[in-house]
Each structure stands twice: as structure tokens, then as C-alpha cells.
Enquirer: 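Below are the C-alpha cells for one structure; questions will follow.
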Amino acid sequence: MNYRDQMIRLTQGAADHFVHSIKAMPAEKLEWSVNDAGRTAMDQFREIAQSPMWAVPLLKARSFPPFDPEVMAKAKEERDQWDLATCETRYRENLEALYAEIRALPDDELAIEIVLPFAGGITQSMADIMAYPYWNTVYHLGQINFIQILYGDHEMR
């Protein structure tokens, strides 16, 4: 198995686990937040459903496109309207677009590095970029699992 296939396998496994876990939550807990201050499970699902499309243009261009806060705000406004079913559909569609870009990236381009404008500038390779949606999903899976524990659901899924 090569690195690209491994990243697709890991990302899909994390996505399936996330969707399974969030769909196991009672409907009234999807928009619940800890002390009315934390992010809700749905807010996090909306983000991860969209996040594969943040990596796609980077993998296509092998560079970071101009960062436009207005575009990011518009994307957030759009995803804030998504319900559970829409999140799942969009997530699966966006993952397929990501997988197509991962499969198209030649081995000799995995080491190409770009600088992301976050945290003062972060240098990442194309191999790192293709791992981002996996990392983001696992990160948020842990957060929703913690939310589940806080409202009393201790069942491992």
C-alpha cells in the first residue's frame, strides 16, 4: 500500500467513525454546548463536512491560493445552514473530491512544500496537506466523543 492509499483509507475510516458517532447522538444534543460556551457537535460536523475542500485547491495548485477572509466567511455562512443529512451528503461528496486529488498527486510531488499563512507561517508538504482532513476529522471526533461523555453517554462506538 502506498502513502496516498493509506491516507484515503485512514481518512475514510475516521469519516465513517465520525458519522456513526454523531448519528448516535440524541437530536436534542446535536446543538448542545458545554456551559453554553463550547462548540456544538453540529458546528463541528459542519466544519469537517466542508474541510476536505480546503485541501483540494492546495493539492491541485501545489501552492496556497490568495487567502480571502470574505470567502471563508461565506463558506461558514453556507455550512451554518446544513442539517445532519446535508452534512453527511456534503462530507461524502467532498471526500470523494479530495480522494481524486490525492490519487492524482504523483509520488515525486509529495515532498513539494508550501507555506500556509496560519500561526505566523507553517511550511507543509503535499503529503502533509493530504493528511489534514484526516487530522481534522479525528480531532473533532474526540471533541464530540467528549461532549457525549459530558451528557452521560459512555458507550464506546
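If you read the sequence from its start, that first residue is 1, and numbering goes on from there. These figures come from a predicted structure and were not determined experimentally.
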Enquirer: Working to the nearest 0.5 angstrom, can you tell me the gap between Leu141 CG and Ile48 CD1?
Expert: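 It comes to 8.0 Å.
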Enquirer: Is there side-chain contact between Arg103 and Ile8, with heavy atoms separated by less than 4.5 Å?
Expert: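 Result yes, sub-4.5 Å side-chain heavy-atom pair found.
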Enquirer: Please state whether the rings of Phe18 and Phe45 are parallel, tilted or perpendicular, taking 30° and 60° as the class boundaries.
Expert: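 Because their plane-to-plane angle lies in the 30° to 60° range, the rings of Phe18 and Phe45 count as tilted.
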Enquirer: Is Gln81 close to Thr86 at the side-chain level, that is, under 4.5 Å between some pair of heavy atoms?
Expert: no
Enquirer: Has Gln148 got a side-chain atom pairing as donor or acceptor with His154's backbone, closer than 3.5 angstrom?
Expert: no
Enquirer: Answer yes or no: is there a side-chain heavy-atom contact under 4.5 Å between Cys87 and Met42?
Expert: yes
Enquirer: Would you please name every residue forming a side chain to side chain contact (heavy atoms under 4.5 Å, CB included) with Arg9, sequence neighbours left out?
Expert: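 Applying side chain to side chain contact (heavy atoms under 4.5 Å, CB included) to Arg9 gives Met1, Gln6.
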Enquirer: For residues Leu98 and Pro133, report the shortest heavy-atom separation together with the two atoms involved.
Expert: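 In terms of heavy atoms, the two residues are closest at CD2-CG, 3.6 Å.
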Enquirer: Side-chain atoms of residues 23-32: list all donor-acceptor pairs with protein atoms under 3.5 Å, sequence neighbours left out, distances to 0.1 Å.
Expert:
unit_1 : atom_1 : unit_2 : atom_2 : d
Lys23  : NZ     : Glu88  : OE1    : 3.1
Glu31  : OE1    : Thr40  : OG1    : 3.4
Glu31  : OE2    : Arg46  : NH1    : 3.2
Glu31  : OE2    : Arg46  : NH2    : 2.9

Enquirer: Only counting residues at least two apart or in another chain, list the ones meeting side-chain hydrogen bond (donor to acceptor under 3.5 Å, both in side chains) with Gln12.
Expert: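 side-chain hydrogen bond (donor to acceptor under 3.5 Å, both in side chains) check on Gln12 returns Asp16, Tyr99.
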Enquirer: Nearest 0.5 Å please: distance from the OG atom of Ser21 over to the CD1 atom of Ile147.
Expert: 11.5 Å
Enquirer: Sequence neighbours left out, cut at 3.5 Å: what donor-acceptor pairs do the side chains of residues 109-126 make with other protein atoms?
Expert:
unit_1 : atom_1 : unit_2 : atom_2 : d
Glu109 : OE1    : Arg62  : NE     : 2.5
Glu109 : OE1    : Arg62  : NH2    : 2.8
Ser125 : OG     : Ala127 : N      : 3.3
Ser125 : OG     : Asp128 : N      : 3.1
Ser125 : OG     : Asp128 : OD2    : 3.2

Enquirer: Check salt bridge (Lys or Arg N to Asp or Glu O under 4.0 Å) between Arg79 and all other residues, then give those that pass, not counting sequence neighbours.
Expert: none
Enquirer: Mind checking the CG-CE spacing from Leu95 to Met53? Nearest 0.5 Å is all I need.
Expert: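 Those atoms lie 10.0 Å apart.
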Enquirer: Do Met130 and Tyr3 make a side-chain contact, defined as non-hydrogen atoms from C-beta onward lying under 4.5 Å apart?
Expert: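 Touching, per the 4.5 Å side-chain cut-off.
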Enquirer: How many angstroms lie between CG in Asn2 and CD1 in Ile102, if you round to the nearest 0.5 Å?
Expert: 10.5 Å
Enquirer: When clusters are formed by joining ILVMFWY residues with side-chain heavy atoms under 4.5 Å apart, either directly or through shared neighbours, do Val138 and Met7 land in the same one?
Expert: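 Yes, same cluster.
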Enquirer: Quick one: CD on Glu47 to OH on Tyr139, what's the gap to the nearest 0.5 Å?
Expert: 8.5 Å
Enquirer: Is the closest side-chain heavy-atom distance between Pro52 and Tyr91 below 4.5 Å?
Expert: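 Counting from C-beta outward, Pro52 and Tyr91 do come under 4.5 Å.
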Enquirer: From Ile22 CD1 over to Ile144 CD1, what is the distance, rounded to the nearest 0.5 angstrom?
Expert: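 The CD1 atom of Ile22 sits 4.5 Å away from the CD1 atom of Ile144.
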Enquirer: Answer yes or no: is there a side-chain heavy-atom contact under 4.5 Å between Arg90 and Glu93?
Expert: yes
Enquirer: Return the set of residues passing side-chain hydrogen bond (donor to acceptor under 3.5 Å, both in side chains) with Asp80 (not counting sequence neighbours), or none when no residue passes.
Expert: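 Residues passing side-chain hydrogen bond (donor to acceptor under 3.5 Å, both in side chains) with Asp80: Lys76.
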